[in-house]
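Per chain, numbering begins at 1; letters A, B, ... match sequence-line order. Here the structure is a predicted model, which means the values were calculated and not measured.
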Amino acid sequence: GAVVSQHPSRVICKSGTSVKIECRSLDFQATTMFWYRQFPKQSLMLMATSNEGSKATYEQGVEKDKFLINHASLTLSTLTVTSAHPEDSSFYICSARSDISEAFFGQGTRLTVV
Amino acid sequence: GESVGLHLPTLSVQEGDNSIINCAYSNSASDYFIWYKQESGKGPQFIIDIRSNMDKRQGQRVTVLLNKTVKHLSLQIAATQPGDSAVYFCAETSSGTYKYIFGTGTRLKVLA
């Protein structure tokens with residue numbers, strides 16, 4: 001299957017700082033990327049959908065100024081958690097798909113805000 | 001909207017037995033369904049999928065059953081092995097959007 005790579009896999013940051021998570025499609029062009037958040041022992045919650053070259057579409061209740069998403073190329077989308085606080089600590093997962101494929105998931109990023 | 005569980009139900013099975021994991025999906029317009037396996041600290045791993053024009057699909061040791069009448073999906077794992085221990089999620093979507101909505105998940109524990 002297609003490969004989606006997320007970086008970093010783990011990150012610890014101080015409260016008030018911003019953190020950027022990258023999601024790359026390694027062997028296909030991702031016209032659409034999705035960002036999910038997962039709390040411990042819970043399911044994946046869709047945060048936003050981004051199409052290459054367009055603004056992201058955020059799900060209800062997700063603060064777009066808090067979670068900045070950029071999908072500037074067909075192989076890269078970034079999620080920036082701005083002014084992070086401990087409650088933003090979570091597992092963030094991206095997925096990517098081309099026009100003709102289903103979505104493939106990255107390995108996730110564990111964010112810990114201290 | 002998204003499905004977020006407060007806790008994960010657990011299914012414990014003896015090694016070598018068959019496992020059946022169930023899922024109720026929410027949107028009658030969904031036409032594509034996927035089962036994922038998630039190990040601790042990792043992203044979801046594709047297991048098997050099924051489209052709404054089918055009611056059964058078989059893979060290697062796994063079978064997915066779809067009952068559109070009652071909006072129910074199940075994953076059957078034959079001869080369950082210790083390596084099958086993980087959390088299993090069903091996901092639904094429509095082929096027009098591919099925006100996946102995940103179920104609450106089930107933790108599978110394989111007992112030696």
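- Taking CG of A/L44 as the start and OG1 of B/T104 as the end, the distance is 12.0 Å to the nearest 0.5 Å.
- For NZ of B/K42, the number of neighbouring non-hydrogen atoms (other residues, nucleotides, ligands) closer than 6.0 Å is 12 at most.
- Here A/R97 contributes atom CZ and B/K99 contributes atom NZ; the two are 13.0 Å apart, rounded to the nearest 0.5 Å.
- Put simply, B/Y25 and B/I48 are part of the same group of oily side chains (I, L, V, M, F, W, Y) that touch within less than 4.5 Å, one to the next.
- The aromatic rings of B/Y100 and A/F34 lie parallel to each other, their planes meeting at an angle below 30°, with 60° marking the opposite boundary.
- Contacts of B/Q38 with chain A are made by side-chain atoms alone, with heavy-atom separations under 4.5 Å and no backbone atom involved.
- Within 6.0 Å of atom NE2 in B/H72, more than 12 heavy atoms from other residues, nucleotides or ligands are found, so the atom counts as buried in its surroundings.
- With a 4.5 Å cut-off on non-hydrogen atoms, A/Q38 touches chain B through its side chain but not through its backbone.
- Atom NZ of A/K20 has 12 or fewer heavy atoms from other residues, nucleotides or ligands within 6.0 Å.
- Nearest heavy atom pair, residue B/P44 against residue A/G106, reads CD-O, 4.4 Å.
- No continuous path of ILVMFWY side-chain contacts below 4.5 Å connects B/I34 to B/Y88, so the two sit in separate hydrophobic clusters.
- Within the 6.0 Å centre-distance limit, the rings of A/F105 and B/F102 are counted as a close aromatic pair.
- Shown here is A/E87, whose CD atom has more than 12 heavy atoms of other residues, nucleotides or ligands within 6.0 Å.
- Side-chain N or O atoms of A/S43 include one that pairs as donor or acceptor with a backbone N or O of B/G103 at under 3.5 Å.
- The heavy-atom pair separating A/K41 from B/L8 by the smallest distance is O-CG, 3.3 Å.
- Residues A/M33 and A/F91 fall into different hydrophobic clusters, defined by Ile, Leu, Val, Met, Phe, Trp and Tyr side chains chained together at heavy-atom separations under 4.5 Å.
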